[in-house]
Amino acid sequence: MSTATAANVQVKLPDGTLVEHPSDATSLDVARAISEGLARSVIAAEISEGIVDAARPLGELATDNQPIELKLLTSRDEAALSVLRHSAAHVMARAVMRLYEGVSLAFGPVTEGGFYYDFELDEKISEEDFPKIEAEIKKIIKDKEPFERFIVDRAEARKLCDDLDQDLKVEHIDTGLADQATVSFYRQGEFIDLCRGPHIPDAGKIKAIKLMSVAGSHWKADTAGRQLQRLYGTAFFDKKELKAYLEQIEEAKRRDHRVLGKQHGLFAINPEVGQGLCLWLPKGARVRVALEDFLRKELLSRGYDPVYSPHIGRVEMYETSGHFPYYRDSQFAPLFGSEVGAMLDAWSQKLEQGTIDRDGEEKLIEAAKVFGVELPNYKLSAAPEAKQNVLHEWQLVNERYLLKPMNCPHHCQIFKAQQRSYRQLPLRLFEFGTVYRHEQTGELNGMLRVRGLTQDDAHIFCTADQVEHEFRATIELTQFVLRSVGLDDYSVQLSLRDPNSDKYVGSEQNWNQAEGALRGVLEQSGLTFNEEEGEAAFYGPKADFMVRDCIGRSWQLGTVQLDYNLPERFKLEYNGRDNQAHRPVMIHRAPFGSLERFTGMLIEHFAGAFPLWLSPEQIRVLPLSDKSLDYAVAVAKQLDEAGLKVTVDSSGGKVQAKIRNAQLDLVNYMAVVGPKEAETGMVALRDRIDGDLGSMPTAEAVARLKQEIQSRQVRQVVQTSFAAAAVDSDAIGNEY
RNA sequence: GCUGCUGUAGCUCAGUGGUAGAGCACUUCCUUGGUAAGGAAGAGGUCAUGGGUUCAAGUCCCAUCAGCAGCUCCA
């Protein structure tokens, strides 16, 4: 029985104590009743419905007669950082509006590392303007004005935004918020913004804030829509955390795989070869070979069969799979057996888009004749679809090829190439398959996003009963692979379809079955995973591994995808125990994702200093002087025969210089050899991390290195961690 | 693809409309050494490409190409 009256509310604190306050009291009052110091440090409050302003009257928060379960959030709570940052976005927007004329506000949400606010204004903001904006921000913070929340109905809100000349907000009230009866605003001094909140009690809580960058963006993410300016910033509860964050950014820059890749001769991309086409230089290729050999051996021992497929395939096959029409814009244009092919292709597309008239068609028919192509069945009066069919008939006979954009259709054809029995299932086909995708120029990024990439691809064909076991096995394989390269911090994102979108193919039943199977295995696995609607591939749900590297950045690496659709489209069948034809289920999986992206990520993760088993140069022999060069070469031969990646430094300098160069080249071990070693058949081993290890027989050095390689030991030169950096930006939704 | 910024020696970068620069790397010579830089000399440039303005363009303007950041996208 609650003792709360209409004028009082009961509050239950996390330790279980019950306190009673007047219903117009706020979380700040609750804190004040405990201690003044707590009241000063309260940022926001958490109740069962989510995070709310510490300044909200408790009476508004009570849903029924039950006590409010209230947790006071201070700077120590992770969720409080998002509240702070969103409030910082308001402060920044306020400063910008004070300094510039005609600022139209868009959205100002929290991001992983900070916050941004999108503005529409005529004047271009540049980084040179940051000091004056930051100065204005400091003034606002110094005034310690409170954030005040108020609620109005939609019509009133629309008028308020209109009066404030905030046309983007007006548009949003008319469209995005059309179903809301009332909306909330926050006022801070002269600054009023349509906002769901929550906010910090006053701007004085922002102890460290910095503008980071300015960039273009689009209103509601529509590239055809209005162009906005996006101002990025970050904020923290104290200056030390900001400093640590800025250091992390610097560290990330130092680890940039494009810089390290060039510096250490790992890979190159140049415009003469083509945008997004990666050249693996010898040292980078050695890393790749180590990864490939490792995975190939592992897959062979786990019941996979190696296969190979060509780099091009007929367009019709990709039409069957559904990829060709779906990804038309991000594929390289089809290759044609005849020059007229491209013309017919463009012709067909114009028919589809309705961008051709009778005159144009007649010209094209004439042009086709010039190429010797007669189209007697092409009737000008026919429907566009019928005309397309005529063109398509010609295209069927006169082959069109696509640079292979994915391996799945080929592997489906390999499944089909032989009669299949349930006894052969699961059939696991793997290939380091190189595929080509015409990614937009703006997407390209070193090795991380390229136009030609090699997937460590495999497709498992199995019965519905085997799905769960196979899915579990691929999850385990991925975990094993990640562990082997020293990546231990990861979670899984389960990507599901958006039931309201028409982007997805296949039956409702198949989708439910597939999604249920993935969820079930993940639940049993004990892995932490989150579900994302609308992130699935068009043919099936997927589980992606989100991996955190050693400086706290998150990467999407390995993927496992379930697919009931391609087997259907390719009419794949196996003969069951019942002697009936059955349709197999298909699992797509790639623990690395692509060799390019994975290697690029590893370069950044290890800052270019690969663990011994992946290292392109495991040991370098350093002769003390030319007098010891012959012995050095003999030692190198011994190391090479033992299977180690070894080089000799035959340059003329002093051994100190050779050591320095080897250290800078990130060679794992150095074998210093002089007259003393030559006499006794020894090497003076030096570790790049621990330094001089003393003299030992060459065989002992070999054994030591072989052991480290075999155990795939990961010894990082640089181990850094930045606790303060990342915030889960989904943890709080401050935008409508 | 869109917006903005950038493009000078192999690399990192200086360079005021008036003779193209530095450090590292490279080549040659000297030095022959014991755990993070020995010394000297030399070579290396269509200043991204194409136009334009100007007596004169690496420098100012335009276009193209490429890179970077962000947006959008990622089978």
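Values below: all heavy atoms of this structure, side chains included; hydrogens, waters and symmetry mates excluded. Letters go in sequence order (proteins before strands), and every chain restarts at 1.
Dashed line: the shortest gap from a side-chain N or O of A:Tyr436 to OP1 or OP2 of B:C74 is not under 4.0 Å. When the side-chain nitrogen and oxygen atoms of A:Gln275 are compared with OP1 and OP2 of B:G67, one or more of them lie within a distance under 4.0 Å.
Ion pair A:Arg589/A:Asp457 not flagged as a salt bridge, since none of the NZ, NE, NH1 or NH2 atoms sits closer than 4.0 Å to an Asp/Glu carboxylate oxygen.
Searching all strands for a Watson-Crick or G-U wobble partner of B:U35 with both distances below 3.5 Å returns nothing. Under the Watson-Crick or G-U wobble criterion, with both distances below 3.5 Å, B:C60 is paired with B:G52. Both distances falling under 3.5 Å, in either a Watson-Crick or a G-U wobble arrangement, place B:G67 opposite B:C5. Within the shown strands, B:A41 is the pairing partner of B:U27 under the Watson-Crick or G-U definition, both distances less than 3.5 Å.
To the nearest angstrom, P of B:U12 lies 13 Å from NE2 of A:His264. When the P atom of B:A75 is taken as reference, atom CD of A:Gln440 falls 13 Å away, rounded to whole Å. Distance A:Glu443 CD to B:A69 C1': 13 Å, rounded to the nearest Å. When rounded to the nearest whole Å, the span between CG of A:Leu228 and P of B:G70 equals 17 Å. Counting to the nearest Å, the P atom of B:G34 and the CE atom of A:Met696 are 20 Å from each other. One interatomic measurement links the two molecules: CZ of A:Arg449 to P of B:C74, which rounds to 8 Å at whole-angstrom precision. Atom CD in A:Glu120 sits about 15 Å away from atom C1' in B:C71, given to the nearest Å. Rounded to whole Å, atom P of B:G33 lies 14 Å from atom CG of A:Leu629.
For A:Lys350, the NZ atom counts as loosely surrounded, since its 6.0 Å shell holds 12 or fewer non-hydrogen atoms of other residues, nucleotides or ligands.
No hydrogens or angles considered: a donor-acceptor pair under 3.5 Å links the side chains of A:Thr647 and A:Glu617. Residues A:Tyr669 and A:Glu708 have side chains that bring a donor and an acceptor to within less than 3.5 angstrom of each other. Of the N and O atoms on the side chains of A:Glu677 and A:Ser695, at least one donor lies less than 3.5 Å from an acceptor on the other residue. A donor and an acceptor atom, one from each side chain of A:Trp219 and A:Glu171, are located under 3.5 Å apart.
For A:Arg258, the listed nucleotide lying nearest its side chain is B:C68; candidates were B:C68, B:G34, B:G70. Comparing B:G34, B:A66, B:C74 by their nearest atom to the side chain of A:Pro271 picks out B:A66. Of all nucleotides listed (B:G34, B:G33, B:C74), B:G33 comes nearest to the side chain of A:Ser625.
Between A:Asn445 and A:Arg258, the closest side-chain pair of non-hydrogen atoms falls below 4.5 Å.
Checking A:His588 against A:Tyr232, the closest nucleotide of RNA chain B that is more toward the 5' end is the one next to A:Tyr232. Closest-nucleotide positions on RNA chain B for A:Gln561 and A:Thr441 were compared, and the one nearer the 5' end corresponds to A:Thr441.
As judged by a 4.0 angstrom heavy-atom cut-off over every strand, A:Pro675 is placed among the base-contacting residues. At the heavy-atom level, A:Gln229 lies nowhere under 4.0 Å from the strands shown. Counting any heavy atom pair closer than 4.0 Å across all strands shown, A:Gln331 reaches a base atom. Using a 4.0 Å heavy-atom criterion, one finds that A:Lys676 contacts the bases of the nucleic acid, with or without backbone contacts as well. Note on A:Ser330: a base of the nucleic acid sits closer than 4.0 angstrom, heavy atoms only. Residue contacts for A:Lys253: at a heavy-atom cut-off of 4.0 Å it reaches no nucleic acid atom on any strand shown.
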Next item on the list: If a protein heavy atom is under 4.0 Å from the base, mark B; if only from the sugar-phosphate, S; if neither, -; do that for nucleotides 35-47 of chain B going 5' to 3'.
Entry: BBBS---------
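Looking at A:Glu250, A:Lys210, A:Met212 one by one, the single match for side chain to side chain contact (heavy atoms under 4.5 Å, CB included) with A:Tyr245 turns out to be A:Met212.
The side-chain tip of A:Arg230 points at the ring of A:Tyr116 from less than 6.0 angstrom away and within 45° of straight on.
Taking atom P on both B:G15 and B:G21, the two are 15 Å apart, rounded to the nearest angstrom. Annotation: B:U6 and B:U12 have their C1' atoms spaced 15 Å apart (nearest Å).
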